[in-house]
Each structure stands twice: as structure tokens, then as C-alpha cells.
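First the structure, in the form of C-alpha cells, and then the observations on it.
Order of the sequence lines fixes the chain letters, A, B, ..., with proteins taken first and strands second; residue numbering starts at 1 for each chain. Any value given below was found using the heavy atoms of this structure, including those in side chains, with hydrogens, waters and symmetry copies removed.
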Number of protein chains: 2
Amino acid sequence: MASTAPTRSAIKVLPEPSDLPEPLPEPAADTVRLEAVLGALSDPLRLRVVRKLLLEREEFDHTCNWFGLDRPKSSLTHHFRALREAGVIRQRQYGLERRSQVRVDDLNARFPGLLDLVVDWTPPTH
Amino acid sequence: MASTAPTRSAIKVLPEPSDLPEPLPEPAADTVRLEAVLGALSDPLRLRVVRKLLLEREEFDHTCNWFGLDRPKSSLTHHFRALREAGVIRQRQYGLERRSQVRVDDLNARFPGLLDLVVDWTPPTH
DNA sequence: GCTCCAGTACGAGTTAAGTCGAACTTAACA
DNA sequence: TGTTAAGTTCGACTTAACTCGTACTGGAGC
């Protein structure tokens with residue numbers, strides 16, 4: 001399937017540990033819609049989250065408040081769910097924590113070059 | 001500047017005729033924001049417009065009702081302005097007609113690969 | 001002058017999205 | 001068992017976006 005397609009992106013893919021919690025409900029790779037992904041990435045806060053996930057993936061995945069976002073918890077839930085339902089990130093439950101990672105393979109296979117644009121993005125200065 | 005940067009895209013660039021009306025107000029190429037472009041392209045109707053402009057550019061640019069969209073005129077104005085203000089299209093006034101073209105050079109220089117995703121997009125079947 | 005027509009401007013209704021507080025759930029840990 | 005803390009769910013508010021009808025503008029042509 002598309003999950004093993006060669007990714008000509010600069011973003012490297014980390015190997016997955018063997019025993020993981022099941023991912024939360026997410027759209028299948030071949031049903032992810034471009035307009036939904038673009039809509040999810042059109043929000044600066046979510047763009048910041050995805051970019052940070054792509055740039056600093058020394059660990060497998062990250063909790064919500066690892067991002068250092070100055071928003072209430074309910075707002076973060078809203079944005080992370082928007083990213084997951086659009087097919088941008090995958091979320092897994094580790095005890096109390098819900099950790100997130102970008103679906104790099106799926107997105108590179110379906111929308112090559114898109115994640116590179118996110119990496120090159122610079123947040124608004126305002 | 002960035003407007004003459006090499007575009008490694010498959011979309012070819014048409015030469016511009018010499019005497020043209022001034023473009024309508026639009027953001028400068030180096031001030032176009034990724035999140036604004038993604039937001040403009042997250043609407044299926046606008047995605048259709050941009051894709052059609054990219055695929056069928058045998059003429060220099062096109063009027064609004066050339067697209068064959070079954071929407072009232074005021075709705076089309078809304079969407080074309082959204083595309084123009086985000087920096088996706090350029091519009092020029094020819095007498096009564098307002099013709100549109102995609103800012104291929106600017107977008108390829110700033111967001112390489114993005115327009116290729118639009119070309120490869122398939123509209124929702126529903 | 002006059003009509004015709006492409007497109008805009010304005011306004012209103014509707015829907016979707018962002019924002020947040022407060023209450024709730026649940027695993028971890030003492 | 002009781003507490004703590006990560007994150008959700010719910011509801012309400014606000015703001016932005018979409019949709020459209022109507023009226024308007026402004027060039028083309030008679």
C-alpha cells in the first residue's frame with residue numbers, strides 16, 4: 001500500500017516501537033482529502049504544532065502540553081482533534097497522556113512536498 | 001527577488017503580453033502567507049477554480065463565468081476575492097470583464113510543489 | 001442620450017470555527 | 001482509598017466564513 005511508498009522528503013521516518021496502544025480513530029490513508037488537510041493546516045496554531053512535531057521528533061511522540069502553548073486544555077483538545085480528523089496526526093493513549101505524531105508516511109505518499117512547506121514555514125511576527 | 005527563482009514544477013509559465021491593465025490590489029509576492037494560501041485552497045469550489053485555471057490555460061486568463069460554476073454572481077465575487085487577497089490569483093479588468101490567472105511564478109518560488117498538489121487533486125465524488 | 005451586461009457592494013441569514021470555563025473521566029501514585 | 005493531574009466533554013459565546021438576493025457601477029454599443 002501507500003504506507004511503504006518511497007518518501008523523497010527531507011524529513012526522516014523514525015522506526016516504530018513494537019507494542020503500542022491502538023491509535024485513536026483516524027481516516028484511512030487513502031481517504032484523506034486534500035481540502036481537509038489544507039483546512040487543518042490553515043490555522044497558525046495548528047501549523048505551529050505540526051511544524052514542531054516535524055522538527056523535534058527526537059522522541060517517538062509528544063504530549064499536548066509539551067508544545068508549550070498558552071491555551072486552555074479544552075482549546076488544545078479542539079485543535080488536536082481537528083488535526084487528527086483531517087488525517088494530519090496520529091494520537092495514541094499512554095495512560096493519562098495522549099501522544100501525537102505526524103503521519104509522515106501517509107502524507108508524503110499522498111501529498112508529496114506538503115510537509116516540506118510546513119517545515120519551511122515561519123510563524124507570523126505580529 | 002523571488003519572482004525570478006527557478007520553478008521546478010511541471011506547470012509551464014506562459015509569456016505575458018506587453019500592454020495589460022494594471023492588476024487589482026494584491027499582496028506582494030514576499031508577503032504571501034502560507035496559512036492564508038492554505039485557507040484559500042481549503043474550499044472545494046476555489047480548489048476547482050484554481051485547478052481549472054492551471055490545467056486549461058490555453059488563453060492568457062479567464063472570465064468568471066468561463067468556469068461554468070452554478071453559483072450566483074455575488075458568490076463568485078466572494079470566492080475570487082478570497083483567492084486574490086490570499087495571493088493565489090491575479091485579476092485584471094478588461095472593459096467589463098475581470099479576468100483571472102494563477103500567480104504561478106510567485107507561488108512556485110515561495111511554496112514549491114503546492115500547485116502540483118492542486119493539479120493532482122480530484123474533486124469529491126459525493 | 002439609451003440599453004445591456006459583467007461584475008461589485010451591501011446587507012441579512014445561516015452555518016462553521018475558534019475560545020474558554022467548568023465539570024467530568026481515568027490512570028498513576030501514595 | 002484518596003489525591004493529583006492529563007485530557008475530554010459539554011455548553012455558551014464570539015467571530016469568521018459561506019450563500020444569496022437585490023441594488024448598484026461602469027464600460028460597450030446602438
On a heavy-atom basis, which atom in A:P27 and which in A:A86 lie closest, and how many Å separate them?
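Heavy atoms of A:P27 and A:A86 come nearest at CG-C, 4.1 Å.
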
Atom pair distance, as rounded to whole Å: [atom1] in [X] and [atom2] in [N]:
X: A:E35; N: C:dA16; atom1: CD; atom2: P; result: 16 Å
X: B:R99; N: C:dC5; atom1: CZ; atom2: P; result: 17 Å
X: B:R84; N: C:dA9; atom1: CZ; atom2: C1'; result: 13 Å
X: A:L83; N: C:dA17; atom1: CG; atom2: P; result: 13 Å
X: A:E97; N: C:dA27; atom1: CD; atom2: C1'; result: 10 Å
X: B:R81; N: C:dA9; atom1: CZ; atom2: C1'; result: 8 Å
X: A:D70; N: C:dT19; atom1: CG; atom2: P; result: 11 Å
X: A:E85; N: C:dG18; atom1: CD; atom2: C1'; result: 15 Å

Given axes from five pairs at either end, by how many degrees does the helix from C:dG1-D:dC30 to C:dA30-D:dT1 bend, rounded to 10°?
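Answer rounded to 10°: the end axes differ by 20°.
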
Test your reading of the model: is there a side-chain donor-acceptor pair from B:R110 to the backbone of B:V32, 3.5 Å cut-off?
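Yes, the answer is positive, given that a donor and an acceptor are paired below the 3.5 Å cut-off.
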
Under 3.5 Å, is there a donor-acceptor pair between the side chain of A:R46 and the main chain of A:A40?
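Between the backbone of A:A40 and the side chain of A:R46 there is a qualifying donor-acceptor contact (under 3.5 Å).
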
Roughly how far, to the nearest 0.5 Å, is [atom2] of [Y] from [atom1] of [X]?
X: B:L76; Y: B:L45; atom1: CG; atom2: CG; value: 7.0 Å
X: B:L34; Y: A:R51; atom1: CG; atom2: CZ; value: 11.0 Å
X: A:E85; Y: A:R81; atom1: CD; atom2: CZ; value: 6.0 Å
X: B:K73; Y: B:F80; atom1: NZ; atom2: CZ; value: 14.0 Å
X: B:L115; Y: B:W121; atom1: CG; atom2: CH2; value: 14.5 Å

Below the 4.0 Å mark, does C:dT8 have OP1 or OP2 next to a side-chain nitrogen or oxygen of B:T77?
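Indeed, a polar side-chain atom of B:T77 lies that close.
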
B:Q91 and B:S100 side chains, donor-acceptor separation under 3.5 Å:
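Yes - a donor-acceptor pair under 3.5 Å links their side chains.
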
Have A:Q93 and A:R98 got a donor and an acceptor in their side chains that come within less than 3.5 Å?
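On atom types as modelled, these side chains qualify, holding a pair under 3.5 Å.
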
A:R90 and A:D106 ion-paired at < 4.0 Å
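The answer is yes: the pair qualifies as a salt bridge.
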
Are any protein N/O atoms closer than 3.5 Å to N/O atoms in nucleotides 14-18 of chain D? If there are, list each pair with its distance.
unit_1, atom_1, unit_2, atom_2, d
D:dC18, OP1, B:R46, NH1, 3.1
D:dC18, OP1, B:R46, NH2, 2.6
D:dC18, OP2, B:R46, NH1, 3.4
D:dC18, OP2, B:H78, NE2, 2.8

What string of B, S and - do you get for nucleotides 21-30 of chain D, 5' to 3', if B is base contact, S is sugar-phosphate-only contact and - is no contact with any protein heavy atom under 4.0 Å?
B----BB---

